[in-house]
Structures are given as structure tokens and as C-alpha cells.
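So the structure is just underneath, and the comments pick up after that.
Within every chain, numbering begins at 1; the chains are lettered A, B, ... in the order of the sequence lines, protein sequences first and strands thereafter. Just so you know, these numbers use all the heavy atoms, side chains as well, and skip hydrogens, waters and symmetry mates.
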Amino acid sequence: GNSVTQMEGPVTLSEEAFLTINCTYTATGYPSLFWYVQYPGEGLQLLLKATKADDKGSNKGFEATYRKETTSFHLEKGSVQVSDSAVYFCALSDRRDDKIIFGKGTRLHILP
Amino acid sequence: GAVVSQHPSWVICKSGTSVKIECRSLDFQATTMFWYRQFPKQSLMLMATSNEGSKATYEQGVEKDKFLINHASLTLSTLTVTSAHPEDSSFYICSALGDPPPNEQYFGPGTRLTVT
């Protein structure tokens with residue numbers, strides 16, 4: 001079945017550091033890939049998405065590229081801010097049924 | 001933008017009682033809604049798919065008689081936890097799939113259920 005594996009946290013970085021959160025997936029067919037963010041005390045928000053191979057999703061300085069050859073969708077940001085502290089979920093959706101499969105989430109702490 | 005609300009945001013109930021959680025799409029119609037459960041520091045686990053006007057589809061291992069789902073209108077789905085027990089304590093999150101598809105899922109803020 002479909003699954004998502006992402007690096008376990010917590011990840012602690014200093015402000016302005018470079019961020020990478022690894023995500024790999026297993027899926028039949030051609031899923032859509034997502035990164036969601038959950039800020040403390042808030043609901044899930046879609047951060048970015050990519051719907052086909054080699055697509056790059058980007059938002060708020062974050063980006064991720066759909067790599068079919070390595071079945072990966074790593075999240076990157078060149079310079080993180082304290083306000084980026086949150087839990088980040090990698091996810092995929094099988095377009096046949098719209099169900100979203102989530103990774104376990106990676107908690108990110110950014111120190112000032 | 002598309003907004004999904006949940007009510008209540010948190011609830012405490014005693015063992016053996018039932019609790020109803022509402023999920024509403026405020027500014028769009030949603031034929032399909034999803035219910036998830038999130039354990040502390042863990043991922044969201046899909047419980048069921050709620051379809052307006054028809055029976056919900058439950059994921060393997062989810063007791064349909066314990067978690068009753070009703071999707072009575074294009075903007076409202078409800079999850080009722082029946083005969084709640086402490087192990088049902090969790091964070092329940094709904095999402096609504098905007099119509100017409102293909103479209104994005106919009107997530108509610110979640111409901112924290114504590115069963116004492």
C-alpha cells in the first residue's frame with residue numbers, strides 16, 4: 001500500500017540556518033505530494049504541493065521537488081526563522097480516491 | 001479562502017457517554033469529508049470518508065458502531081463517539097474536499113477529546 005516516511009525529529013536549528021527535512025514515499029501510480037504545516041495550537045495548513053514528476057512546489061521560502069526516480073519530496077528552506085517552528089507533515093494523495101496518507105511528522109524548533 | 005470549522009474545539013466527557021463533533025465547511029460545499037485521529041506526537045490516521053447522502057466508508061480497524069459518522073448536508077459532517085472510553089481520548093481532525101474535484105482538502109482546527 002501507499003506510505004510516507006519522513007525524518008524523525010525534533011530538529012533544532014538556529015535562525016538563518018539551512019533546513020532540509022527528508023521525505024520518501026511508496027505508491028502505486030502517480031500520486032500528488034504535499035507538505036503540510038501545523039503551528040502550535042492551530043490546524044493543518046497546506047504549505048506546498050506538487051502533482052507530477054519534476055514539479056517544484058514552493059511557498060513562504062520553502063520548496064520541494066517531486067523526484068520520481070528517488071521517490072522523494074524533500075522540504076528545504078535556505079534561511080529559517082523562529083516563526084517557522086512547527087510540525088511538518090509530508091503526505092501523498094492517491095488521485096483515485098482523494099485519501100491523504102501522512103508521514104509521522106517532524107517537529108522543528110528554531111532558536112533565536 | 002476556504003474555511004473548515006470544528007465544534008467543539010475541546011470536550012471532556014465521562015466514560016460511557018457519547019460525544020458529537022461537528023465539522024462544517026463555511027464558505028464552500030463539500031460532498032466528501034474525511035475524519036482523522038491524531039495521537040500525541042504522531043501522525044494523522046484516516047478513520048473514515050464521509051460522503052453526503054450516503055454511508056461513510058471506514059478504514060480497516062475502525063469500529064463503525066463506535067464512531068458514527070453522518071454527512072447530512074453539503075456543509076456538515078458529524079462524528080459521534082459512542083460509549084466513550086479513556087482510550088478514545090485523542091485529537092480528532094476533519095477535512096473537507098472542495099467541490100468540484102479535483103480540488104484541495106481543507107482541514108479543520110481539530111477537536112481535543114478527553115474521556116475521564
Cluster check A/Phe102, B/Tyr92: I/L/V/M/F/W/Y, side chain < 4.5 angstrom: no
Evaluate the side-chain proximity of B/Leu44 to A/Phe89: yes if any heavy-atom separation is below 4.5 Å, no if none is. yes
Counting only heavy atoms from other residues, nucleotides and ligands, does the tally under 6.0 Å from NZ of B/Lys66 exceed 12? yes
Of the backbone (N, CA, C, O) and the side chain (C-beta and beyond), which part of A/Ile101 lies under 4.5 Å from a heavy atom of chain B, both, or neither? neither
Determine yes or no for a side-chain-to-main-chain donor-acceptor pair under 3.5 angstrom, with B/Ser43 supplying the side chain and A/Gly103 the backbone. yes
Hydrophobic clusters here meaning ILVMFWY residues chained together by side-chain heavy-atom distances under 4.5 Å, can you tell me if B/Tyr36 and B/Leu68 are in one? no
With a sphere of 6.0 Å drawn around OH of A/Tyr30, does it hold more than 12 non-hydrogen atoms of other residues, nucleotides or ligands? no
What part of B/Glu59 gets within 4.5 angstrom of chain A, counting heavy atoms only: side chain, backbone, both, or neither? side chain
State the OG-CG distance between B/Ser95 and A/Leu44, to the nearest 0.5 angstrom. 9.0 Å
Check: B/Phe34 and A/Asp98 side chains under 4.5 Å, non-hydrogen atoms: yes
Could you have a look at B/Arg112, B/Gln6, B/Met45, B/Gln38 and say which one has the most heavy-atom pairs with chain A under 4.5 angstrom? B/Gln38
Cluster overlap B/Phe67 with B/Ile21, hydrophobic side-chain contacts below 4.5 Å: yes
Please determine whether residues A/Tyr66 and A/Val4 belong to a single hydrophobic cluster, defined as Ile, Leu, Val, Met, Phe, Trp and Tyr linked transitively by side-chain heavy-atom distances below 4.5 Å. yes
For A/Tyr36, is it the side chain, the backbone, both or neither that has a heavy atom under 4.5 Å from a heavy atom of chain B? side chain
Is there a chain of hydrophobic side chains (I, L, V, M, F, W, Y, each step under 4.5 Å between heavy atoms) that links B/Phe28 to B/Met33? no
Contacting region of A/Gln38 [heavy-atom separation from chain B under 4.5 Å]: side chain
Where on B/Tyr106 is there a heavy atom nearer than 4.5 Å to chain A: the side chain, the backbone, both, or neither? neither
Separation of B/Thr32 OG1 from A/Lys99 NZ (nearest 0.5 Å): 11.5 Å
Flag if over 12 foreign heavy atoms under 6.0 Å of NE2, A/His109: yes
If I measure from the heavy atoms of chain A, does B/Leu46 come under 4.5 Å with its side chain, its backbone, both, or neither? side chain
